[in-house]
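Just so you know, ligand 1 is whichever comes first in the structure, and atom 1 is the first atom listed for that ligand.
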Amino acid sequence: MGKYNDKENDDYLIKHNLLEINSHKELERAEALAFTLRAMALEQNDFIFESFTLKKFQELHHYLFQDIYPFAGDFRDVQLMKGATRFCQVRFLNSYASNLFMELNEEPLWNSLNEAADRLAYFKAELNMLHPFREGNGRTIRIFLHAYAISRGIEWSYETLESEKYLHAMIQSVTDLKSLREVFLETIQYIG
Ligand SMILES: Nc1ncnc2c1ncn2[C@@H]1O[C@H](COP(=O)(O)OP(=O)(O)OP(=O)(O)O)[C@@H](O)[C@H]1O
């Protein structure tokens, strides 16, 4: 079990994709298409969030990536890094995840958009540090937290995120939630 860099991961995905695609470019295109079709179907209620448990989170990843990756829905068994960030160690994934999802389900109601932004930033950063899947963490977490926010009367317009600002806030969130909180504050509103 080694840590992987992006090249190593790309090679793994080439060896482990359901379509037996062996070009990186083609796999990238096929993955984007397979994901987009599922994400669109999800918006038409093909996947229902009747709960926000860890099981539901894994089912969501399975739903979104089932057409392309055999590991859809499964936790990774390798160490993951992006840039200087080392995500949760494999042997702590289960305990980290169960504590985090317990907290998410015991979360009290939010009394203001400021409080919502604080807590969404916190859960976003924690789920990112968990980074439980080999690929597709960002997309799964965004869709999951979007639905979670809706269940609390809040619309998170994550499709309006500026990609550079978002990435910067995510990198910062490893040590400081301030930028990510601001990103949420700018992209959430009460429904209706
Ligand atoms: N250096 C970093 N430190 C911490 N988090 C990072 C870093 N670089 C990227 N991220 C986070 O990791 C996520 C990407 O994870 P992953 O590649 O598993 O997901 P994805 O769904 O395939 O990608 P994306 O989120 O770009 O659509 C990004 O959305 C971002 O939140």
Got the closest protein heavy atom to [atom], with its distance?
atom	answer
atom 17 (O) of ligand 1	K82 NZ, 3.1 Å
atom 15 (O) of ligand 1	H131 NE2, 3.2 Å
atom 19 (O) of ligand 1	G138 N, 2.9 Å
atom 22 (O) of ligand 1	R139 NH2, 2.9 Å
atom 5 (N) of ligand 1	N128 ND2, 2.9 Å

Y166 neighbourhood, listing ligand 1 atoms whose heavy-atom distance to it stays under 4.0 Å
29 (O), 31 (O)
Within 4.0 Å of some non-hydrogen atom of V174, the atoms of ligand 1 are 4 (C)
Would you check whether [X] reaches within less than 4.0 Å of ligand 1, judged by its heavy atoms?
X	answer
R142	yes
L167	yes
M129	no

Do any non-hydrogen protein atoms sit less than 4.0 Å from atom 2 (C) of ligand 1?
yes
Would you verify that at least one protein heavy atom lies under 4.0 Å from atom 25 (O) of ligand 1, or report that none does?
yes
Any idea which part of [X] is under 4.0 Å from ligand 1, heavy-atom wise: side chain, backbone, both or neither?
X	result
T140	neither
F133	neither
I141	neither
N137	both

Find out whether W110 and L120 are in side-chain contact, i.e. whether some heavy atom of one side chain is under 4.5 Å from a heavy atom of the other.
yes
Ring geometry between Y63 and F47 (parallel below 30°, tilted from 30 to 60°, perpendicular above 60°):
tilted
Parallel, tilted or perpendicular: which one describes the rings of H61 and F65, with boundaries at 30° and 60°?
tilted
Taking Y190 as the starting point, is it possible to reach I188 by hopping between hydrophobic residues whose side chains are less than 4.5 Å apart?
yes
Between [X] and [Y]: side-chain donor-acceptor atoms closer than 3.5 Å:
X	Y	value
Y122	E103	yes
Y158	R139	no
E107	Y148	no

Would you say the ring centers of F133 and F71 fall short of 6.0 Å from each other?
no
Quick check, are the ring centers of Y96 and F87 under 6.0 angstrom apart?
no
Please confirm whether M170 comes within less than 3.5 Å of ligand 1 when only nitrogen or oxygen atoms on both sides are compared.
no
Side-chain ion pair, E115 and R119, N-O less than 4.0 Å
no
Tell me whether E26 is salt-bridged to R29, with the criterion being a basic N under 4.0 Å from an acidic carboxylate O.
no
